[in-house]
Amino acid sequence: MTTIAGYPLPVVLGQLVLGFVNGSFYALLSLGLAVIFGLLRVVNFAHGAFYMLGGFVAYLLLNWFGLNYWVALVLAPLLVGCLGIVAERMLLRHLYRLDPLYNLLLTFGLAMMIEGFMQQQFGSSGYTYPVPQALTGVYKLGFMILPIYRAWVILASLTVCFLAWLLIEKTKLGATLRAATENASLTQAFGVNVPVMVTLTYGAGVALAALAGVLAAPITQVSPHMGTSLVVVVFAVVVIGGMGSIFGSIVSGLMLGFVEGLTKVVYPEASTTVIFVIMAIVLLVRPSGLFGRD
Amino acid sequence: MKKHQILGAVSAMVIATALAAVNPAAAATDQVVIGDIDDMSGVYADVIGPNGLEAVKMAIDDFGGSVLGKPITFISADHQNKPDIGASKYREWADQSGLTMLLGGSNTGVSLAMAKVAGEKKVPFFAVGAAGSSLTNKDCTPYTVHYSYDTTSLANGTASAMVQAGGKKWFFLTADYAFGTQLQEAATKVVEKNGGTVVGSVRVPLGTTDFSSFLLQAQGSGGDVVGLANAGTDFVNSLKSANEFGISATMKPAALLAFISDIHALSLNTAKGLYLTTGWYWDLNDTTRAFGKRFFAKTGKMPTMNQSGYYSSTLTYLNAVKAAGTTDSDKVMAELHKAKINDMFVKDGYIREDGVMVHDMYVMQVKSPEESKYPWDYYKLIKTMPGEEAFGPLSDSTCPFVKK
Amino acid sequence: MQITWPRRIEIALLMFGLCVPFLGIYPVFMMKLLCFGIFAAAFNLLLGFSGLLSFGHAAYFGIAGYVTAWLRLKIGLPTELAILAGVAASAMTGLVVGALAIRRQGIYFAMITLALAQCIYFFCLEASFTGGENGIQGVPRGSLLGIIGLQSDVSMYFFVLAVSVGVYLAIKQIVGSPFGQVLKAIGENEQRAISLGYSVNRYKILAFVLSASLAGLGGSLKSLVLGLATLSDVHQSTSGEVILMTLLGGTGTFLGPFVGAGIVVTLQEYLSDRVGAWVSVVIGLIFVVCVLAFRKGIVGEIAKQFRARQVSVS
């Protein structure tokens, strides 16, 4: 068996491929978080809870209404996004004029409520969501067998990330959003309805989280706590990438997926912590993140 | 009303009700209070969990609902797989609620913490759900009874069956806490004794749902068996992943601990051919079938080994209390060690000095869908291990107060 | 000497505290409440008085608990020394984390404390002395100074009560001192404090270390009370709980953290048996309501109304 630095090549490649899959998830999730922070200055601790709701809505759509995966991919983000809009209008709205720490705490409390409620209704252990028929099967890559579904996840996440980046950086709508972030009153003076934009942006960010949840459902079990451990990791990704930068969060999400994969070869138990070590280092050396503009 | 008045009133109400709640109930003497602390909603909820409560209630009803002239009380709690919650609840019940016997549910780590409380508070502890053999070795107490099974018997059954069937090079996927480590240790001993080798292992956090990267490591090790030293939904997920990533084609999965609830969740198609070791199966004989059908009527599922273990241990305890004529822990433990247990769970079972309830263990193989003739017809019996063979001789025990 | 209302409330609570074992209230429950009260009060030193949100404060609470538990169980070190060692461990941890974190402000400061707390959690998971997922169990309480046995719940309770009162008074002292005044100034307007010539970073680090040490004191006591040190103590969720307790009780007040701890611990104890996972929903709801409407917390709101009344009366 060929080796790289003493580790068998098939193992390294295999973990990198899986790392690519995880990285795409991180990219998609951190995209939503970065959008919300970049444009709203809200540190959305409830992001993991909305991700979890996305998965659950997909599961319930299948089991209660017989609606398949492809419908869920569109419907779940819409439904959860609406929930996010309700949360923004009723709760977050009141805190914008205060220290950003308060909206962090609010979303933290919101996450507890959502997760607690789902746990009460559905218990802690997970529910299986089947891989959609069209995506079953595997690719034989030689060094490992890759389920087709995982390749799809990579494709879908990267496409969505690219489209979002395009929207925000290259279109007029995106430009208006960015203007509203930098100077809300001036933008409003130009006739743009800033509060509506803010609400819709939060909804969009939440919808992205829910989309990630639907994509994740066939891989992990759909369970009330599927987002809890993930949200802190995603925060680390966003901080590393730069809290205002969409591009930064996408790139660092992918990068960190690879780093995590490599760590699993060398020191598996540390794979969950390596991201935080990197985050701490980045924050100390370059606080605005690798691509940040703050 | 002003804000602060509302707050003050709410706080006062909360404090008042809480104080009322935490006030102890006066414990009547010779009143039997049975407690159950188990994982009710997490990874192991289907192994015993809420349906296990039914088994205990059935036992209490079958016994007559009262003993020594007083009604039997039954309380339960969810330990959420946290040792501190399990231990604190046990201690609180012993201090405040007059607990006379605790049924220990799944999770060895929590049961180890609870065993310490058993020794401290001197309240009999029936560890039914936990596998870890250390409960009757270095962590033993005079008040612990390890009832249904343990890691030693699981390894002696499943690991030796698989090594003898040709699986010589083992890679372990181990749940990262007491249970997984002890199961891996026991299996390693058996593998090596039978001429096999362990080529590697990886520790996996409890509750992991995506095993892909761990299985990839297994594949990279060049082994021919992947020993799944985990249980409950961990086992179900790891086996599914092994199939998904084609690992099962080159490495045979070893189900070191599997319950009928897991096989039911996996379906025979996925689980066929697996060897597993169990202390009880509903379809063994007429008595087991009768109990199985009663339990099924109440819960819609056939009982796992531990759920029927709950039924049997409750009856065994109540019989011991009746024989002792008191709920005094030392007298009841003395009766328990004298008892010969003959019920739907075991024939000629007895509780050894180290706390092990010695009884036959069965090595089973999961049937294929074609071989299964009716619902829940999942196992075929490969071998019956007599108690002393399954659990090892008393002389092997490292329990400090066992005289050898 | 005029006995003011706040003083009356303090005395009433102390009287109540002294009577607890005789009122039939479960001492272990009260002790747990007091340990978390100490933890919350320590946290409040940072959040309420210095304006610093530490997102991973459970790290100091838990590390001290582990150190004390290990020293008691494996080495048999006398109880008071084991507690001091635990406090020292959390002080050192606080020094390291604080020194790193104060280089940034606001959200970034909070995020660094979070990242480092996760690393500490990982360390506790992997290190052999902590026992990983199993934790350290069966920790003997020993005796105080070799004289007063702490095995009995009642004597342990009075010890914990004494320490809690000590912590309460110590925090009052710290906040009222010139050092405390500077901390408050930094919390209100850091730029102004810098322009006034204070070496702000030194003050912040010292506050952080003090807070970590006191949190450690709470953790050490808790592991002796319950006889266990487990991963739950260093987990993210415990960090979240202490934030909730402080916010609910009232940041910037002295009794607030204890009141908040009391309510949260009581809710968890009382509700979890009866309503299972609804506890999280209730606690989350309280959190949300507090952030929206009762930002001063219970004690804070009461104090505010009280002061307003006093002014209008006089």
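Chain A is the first sequence line, chain B the second, and so forth, proteins listed ahead of strands; every chain is numbered from 1. Just so you know, these numbers come straight off a predicted model, no measurement behind them.
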Side-chain contact test, heavy atoms from C-beta onward, threshold under 4.5 Å: evaluate it for [X] versus [Y] and give yes or no.
{"X": "C:M111", "Y": "A:V43", "value": "yes"}
{"X": "A:L95", "Y": "C:R295", "value": "yes"}
{"X": "C:V281", "Y": "A:Q120", "value": "no"}

| When heavy-atom pairs shorter than 4.5 Å are enumerated against chain C, which of A:V232, A:I275, A:L110 gives the highest number? |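 Among the listed options, the one with the most contacts to chain C is A:V232.
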| message | If we define contacts as heavy-atom pairs under 4.5 Å, which of A:V277, A:L104, A:I278, A:V239 has the most with chain C? | response |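 Answer, by heavy-atom pair count under 4.5 Å with chain C: A:L104.
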Would the number of heavy atoms belonging to other residues, nucleotides or ligands and lying under 6.0 Å from [atom1] of [X] be above 12?
{"X": "A:F122", "atom1": "CZ", "value": "yes"}
{"X": "C:R192", "atom1": "CZ", "value": "no"}
{"X": "A:F247", "atom1": "CZ", "value": "no"}
{"X": "C:K204", "atom1": "NZ", "value": "yes"}

Which heavy atom of [X] sits nearest to which heavy atom of [Y], and what is that distance?
{"X": "A:G116", "Y": "C:S280", "result": "CA-CB, 3.7 Å"}
{"X": "C:F122", "Y": "A:A270", "result": "CZ-CA, 3.4 Å"}
{"X": "C:V291", "Y": "A:Y102", "result": "CG1-O, 3.5 Å"}
{"X": "A:F45", "Y": "C:L114", "result": "CZ-CD2, 4.4 Å"}
{"X": "C:A115", "Y": "A:M279", "result": "CB-CE, 3.4 Å"}
{"X": "C:L116", "Y": "A:A280", "result": "CD2-CB, 4.0 Å"}

| field | Among the listed options C:V289, C:I283, C:V288, the residue most often paired with chain A at heavy-atom distances under 4.5 Å | value |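 With the most close heavy-atom pairs to chain A, the winner is C:V288.
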| Heavy-atom distance under 4.5 Å to chain C: side chain of A:F235, backbone, both or neither? |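 The answer is the side chain of A:F235.
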| Side chain, backbone, both or neither of A:I114 within contact of chain C (heavy atoms, under 4.5 Å) |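 Neither part.
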Can you tell me which portion of [X] sits under 4.5 Å from chain A's heavy atoms? Options are side chain, backbone, both or neither.
{"X": "C:L285", "value": "both"}
{"X": "C:L100", "value": "both"}
{"X": "C:L244", "value": "neither"}
{"X": "C:F55", "value": "side chain"}

| said: I need the A:Q119 CD to C:W278 CH2 distance, nearest 0.5 Å. | reply: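 Rounded to the nearest 0.5 Å, the CD-CH2 separation comes to 11.5 Å.
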| query | Residues in side-chain hydrogen bond (donor to acceptor under 3.5 Å, both in side chains) with C:S232, at least two apart? | reply |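 Here the qualifying residues are B:D84.
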